[in-house]
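Step one of this worksheet: look at the structure below.
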Amino acid sequence: MEFKFSIAENEPPPPSGFDLGHVDVWGTEGQATSRHRRPDQSMMICLSLPLLLDGLRNFLLDGNRTSYESAAVDSSFSLRFSRRKDDEGSIETTHEGVLVDCSTTRDLAIAVHKAAKQFARATLPHLPPDDAGREDLEKALAEFEDFLAGRGFTGCWP
């Protein structure tokens with residue numbers, strides 16, 4: 001499974017934590033994207049990504065929850081993560097009811113984190129230190145990394 005988070009190509013300078021962007025997801029069963037959709041599904045990516053990281057982390061920590069649907073700021077795009085009733089504890093990722101991937105908790109968490117970290121490395125240096133989107137994303141990434149370390153998933157990310 002692979003995720004990619006990006007700033008929309010037509011965003012005017014200067015960069016801001018409120019810039020619109022996209023989510024692309026590739027899985028073993030299909031793909032999902034916020035690009036080229038009607039209505040437009042670009043989202044405030046620096047604000048939406050922390051919602052995804054925090055929501056997914058809380059879902060994966062709470063074994064009693066059967067699903068979590070991500071929300072995006074200023075967009076109708078969403079992904080649903082659902083626990084399968086199998087011995088491996090697999091998580092299905094769907095978009096608009098269509099299966100994109102079925103992964104282990106570990107593989108899903110690492111895929112989301114890897115893409116979020118790559119996005120942050122490319123984007124955050126261009127934002128002012130006191131930008132709200134920057135601050136939210138930095139905090140969400142740190143908490144997600146604590147979650148990964150607590151699950152023993154250390155050494156698995158860039």
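Because the structure is a prediction, the values reported are computed rather than measured. Note that these values count all heavy atoms, side chains included, but never hydrogens, waters or copies made by symmetry. Along the sequence shown, residues are numbered consecutively beginning with 1.
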Checking one residue: Val73. Which other hydrophobic residues are in its cluster under the side-chain 4.5 Å linking rule?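 Hydrophobic cluster check, Val73: joined to Phe18, Leu20, Met44, Leu47, Leu51.
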What's the shortest heavy-atom distance between [X] and [Y], and which atoms?
X: Thr94; Y: Leu99; value: CG2-CA, 3.7 Å
X: Ser103; Y: Leu108; value: CB-N, 4.2 Å
X: Ser70; Y: Ser78; value: O-CB, 3.0 Å
X: Val112; Y: Phe5; value: O-CE1, 3.9 Å
X: Ala109; Y: Phe144; value: O-CE2, 3.4 Å
X: Glu135; Y: Pro129; value: OE2-O, 3.8 Å

So how far is it from [X] [atom1] to [Y] [atom2], rounded to the nearest 0.5 Å?
X: Leu53; Y: Glu143; atom1: CG; atom2: CD; result: 9.5 Å
X: Ser76; Y: Gln41; atom1: OG; atom2: CD; result: 3.5 Å
X: Asp40; Y: Ser34; atom1: CG; atom2: OG; result: 8.0 Å
X: Leu127; Y: Thr123; atom1: CG; atom2: OG1; result: 7.0 Å
X: Asp74; Y: Ile45; atom1: CG; atom2: CD1; result: 12.0 Å
X: Asp146; Y: Leu141; atom1: CG; atom2: CG; result: 11.0 Å

Flag yes if Phe153 and Phe81 sit in one hydrophobic cluster, no otherwise; membership is Ile, Leu, Val, Met, Phe, Trp, Tyr, and two members link when side-chain heavy atoms are under 4.5 Å apart.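 In one cluster with Phe153: Phe81, yes.
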Close side-chain approach of [X] to [Y], heavy-atom, < 4.5 Å:
X: Ile7; Y: Phe119; result: yes
X: Leu124; Y: Asp131; result: no
X: Val25; Y: Glu2; result: no
X: Phe3; Y: Leu79; result: yes
X: Arg65; Y: Asp62; result: yes
X: Lys4; Y: Trp26; result: yes

If you take the centroid of each ring, where Trp contributes its six-membered ring, are Phe77 and His95 closer together than 6.0 Å?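 Ring-ring flag for His95/Phe77: true, centres closer than 6.0 Å.
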Let me see the working for Glu145 and Lys117 under salt bridge (charged side-chain N to carboxylate O under 4.0 Å, His left out), right down to the final yes or no. CA-CA 10 Å; Glu145 287 170 3; Lys117 193 76 167 181; 2.8 Å; yes
If you measure from the Lys or Arg side-chain nitrogens to the Asp or Glu carboxylate oxygens, is any gap between [X] and [Y] under 4.0 Å?
X: Glu9; Y: Arg35; answer: yes
X: Arg83; Y: Glu92; answer: no
X: Lys139; Y: Asp136; answer: no

Would you say Asp101's side chain and Thr28's backbone share a donor-acceptor pair under 3.5 angstrom?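 Here the side-chain-to-backbone pair exists.
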Please step through side-chain contact (heavy atoms from CB on, under 4.5 Å) for the pair Met1 and Asp107, ending with a clear verdict. CA-CA 7 Å; Met1 173 164 231; Asp107 289 347; over 6 Å; no
Could you walk me through whether Arg84 and Cys102 pass the side-chain contact (heavy atoms from CB on, under 4.5 Å) test, one step at a time? CA-CA 9 Å; Arg84 288 184 71 177; Cys102 185; 3.1 Å; yes
Working note: Leu148 + His113, criterion side-chain contact (heavy atoms from CB on, under 4.5 Å); need CA distance, chi angles, decisive distance, verdict. CA-CA 9 Å; Leu148 290 173; His113 178 262; 3.6 Å; yes
Is there a donor-acceptor contact under 3.5 Å linking the side chains of Ser6 and His22?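 Note: Ser6 and His22 side chains miss the donor-acceptor criterion.
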Exercise: do Arg134 and Ser16 side chains pair donor with acceptor under 3.5 Å: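 Arg134 vs Ser16: no donor-acceptor pair found between side chains.
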